[in-house]
Amino acid sequence: MKRIELIVAYDGTNYRGWQIQKNGETIESMLNRALSDLTGEDVRVQGASRTDSGVHAMGNVAVFDTEARMAADKFSYALNQRLPEDIRVQRSREVPADFHPRYQKTVKTYEYRILNREFPLPAYRLNTYFTYCTLNVERMRQGAAYLIGEYDFQSFCAAGAQVKTTVRTVYDLQVTKEKDLITIRITGNGFLYNMVRIIAGTLIKVGAGEWEPSYIKEVLEARDRRLAGPTAPAKGLTLMNIIFQGEK
């Protein structure tokens with residue numbers, strides 16, 4: 001028996017998120033089916049990040065166990081022949097038998113993309129949130145600065161999250177603009193349920209001039225979800241990568 005790690009990229013538009021659901025296809029269910037067909041075994045992958053319905057990924061991580069004799073680096077090629085075009089394995093390799101991506105210390109990076117112009121562009125419709133309301137990127141940067149560091153992010157956590165603590169560390173939070181595309185890029189040691197999308201929704205309010213940048217500090221200190229902005233739509237969010245402790 002060996003354990004194989006997969007780096008998986010996907011367009012989440014047509015899926016009910018990563019984790020298996022009763023009401024539709026998920027990334028996990030598609031991988032399980034393709035791997036079971038490939039190996040002739042009942043394969044169940046274990047993922048690092050359970051992205052929500054409609055969220056995308058450039059580099060989510062999953063592992064599975066198999067007795068198949070195929071070389072570890074060949075699984076990516078074989079799987080991509082069996083998966084739909086909106087799911088692609090970027091790399092496969094053997095890892096230690098006790099490696100579990102959900103229980104390792106990690107650094108995760110997400111991007112939230114906003115198309116900010118008078119009219120939408122069809123090419124961005126599936127992976128970018130559109131708003132015609134003019135956003136001031138400098139104000140968004142000023143607001144974002146209050147969120148860098150180790151804090152209790154309860155104000156930026158959706159109700160019903162089952163976690164031991166709402167304390168997280170944000171290592172970097174950048175807001176950039178190239179032509180009409182605004183990108184919020186956030187890196188941290190972990191994120192609460194809907195945390196990145198709530199941060200994005202709050203920064204959009206600041207950028208639109210509805211709130212002052214300093215209001216972000218008040219929201220953070222209040223530990224009250226009702227004070228933060230709305231949860232931004234899922235389609236603008238992409239999990240960019242996950243780095244495990246000890247990796248570069």
Side-chain angles (χ1 to χ4, degrees), residues 2-21 23-95 99-102 104 106-113 115 121-129 178 181 183-187 191 196-197 233-244 247-248:
K2 58 188 175 184
R3 178 158 289 191
I4 306 296
E5 177 193 67
L6 305 175
I7 307 298
V8 189
Y10 48 86
D11 177 340
T13 304
N14 296 321
Y15 300 97
R16 302 292 296 175
W18 173 274
Q19 191 174 12
I20 289 177
Q21 306 289 336
N23 60 345
E25 289 285 9
T26 65
I27 306 300
E28 187 178 25
S29 65
M30 296 297 291
L31 288 171
N32 287 347
R33 191 176 305 126
L35 282 164
S36 298
D37 177 64
L38 174 63
T39 64
E41 304 165 336
D42 183 17
V43 176
R44 294 289 181 266
V45 300
Q46 302 174 78
S49 185
R50 297 174 177 176
T51 53
D52 294 335
S53 178
V55 174
H56 317 292
M58 296 290 285
N60 206 345
V61 179
V63 298
F64 67 95
D65 297 323
T66 181
E67 294 182 352
R69 298 178 63 182
M70 179 182 295
D73 63 340
K74 300 302 181 185
F75 275 95
S76 54
Y77 297 95
L79 282 172
N80 286 337
Q81 294 178 3
R82 290 168 169 79
L83 290 166
E85 290 184 346
D86 52 6
I87 305 174
R88 281 291 178 265
V89 177
Q90 303 300 299
R91 186 185 74 192
S92 58
R93 66 174 182 174
E94 187 170 357
V95 292
F99 175 79
H100 193 303
R102 195 168 296 136
Q104 306 290 319
T106 63
V107 175
K108 296 181 179 180
T109 297
Y110 283 88
E111 284 189 358
Y112 196 88
R113 292 164 32 115
L115 184 64
L121 286 170
Y124 292 87
R125 73 190 188 282
L126 300 180
N127 64 3
T128 307
Y129 168 64
E178 184 175 352
L181 186 65
T183 301
I184 300 169
R185 184 179 178 91
I186 183 168
T187 299
F191 296 94
V196 179
R197 290 166 58 192
K235 68 178 183 178
L237 184 62
T238 300
L239 171 61
M240 301 305 292
N241 60 60
I242 301 173
I243 298 175
F244 296 95
E247 291 184 338
K248 293 183 179 180

Let me know which of D86, T26, D52 forms a side-chain hydrogen bond (donor to acceptor under 3.5 Å, both in side chains) with Y15. D86
Look at atom CE of M240 and say whether more than 12 heavy atoms of other residues, nucleotides or ligands are closer to it than 6.0 Å. yes
Determine whether M30 and E25 make a side-chain contact, defined as any pair of heavy atoms from C-beta on separated by less than 4.5 Å. yes
Side-chain contact, heavy-atom cut-off 4.5 Å: R82 with R33? no
Classify the ring geometry between F244 and F99 as parallel (under 30°), tilted (30 to 60°) or perpendicular (over 60°). perpendicular
Heavy-atom side-chain proximity of T238 to M58 below 4.5 angstrom: yes
Counting heavy atoms not belonging to R16, are there more than 12 under 6.0 Å from its CZ? no
Quick test of your reading: applying ring pair (Phe, Tyr, Trp, His ring centres under 6.0 Å), list the pairs with at least one residue in residues 36-65, sequence neighbours left out, ordered by first then second residue. F64-F75
Could you tell me if the ring centre of F191 sits under 6.0 Å from that of Y110? yes
Non-hydrogen side-chain atoms of S49 and I242 separated by less than 4.5 Å: yes
Side chains of T13 and N127: does their closest heavy-atom pair fall under 4.5 Å? no
Please name the pair of heavy atoms, one in L6 and one in S92, separated by the smallest distance, quoted to 0.1 Å. CD2-CB, 3.7 Å
Taking the side chain as every heavy atom from C-beta outward, state whether L239 and V55 have any atom pair closer than 4.5 Å. no
Do the non-hydrogen side-chain atoms of V61 and I7 ever get within less than 4.5 Å of each other? yes
Do L126 and K235 come within less than 4.5 Å of each other through their side chains, counting heavy atoms only? no
Partners meeting side-chain hydrogen bond (donor to acceptor under 3.5 Å, both in side chains) with Q90 (sequence neighbours left out): none
What residues form a side-chain contact (heavy atoms from CB on, under 4.5 Å) with E67, not counting sequence neighbours? M1, E41
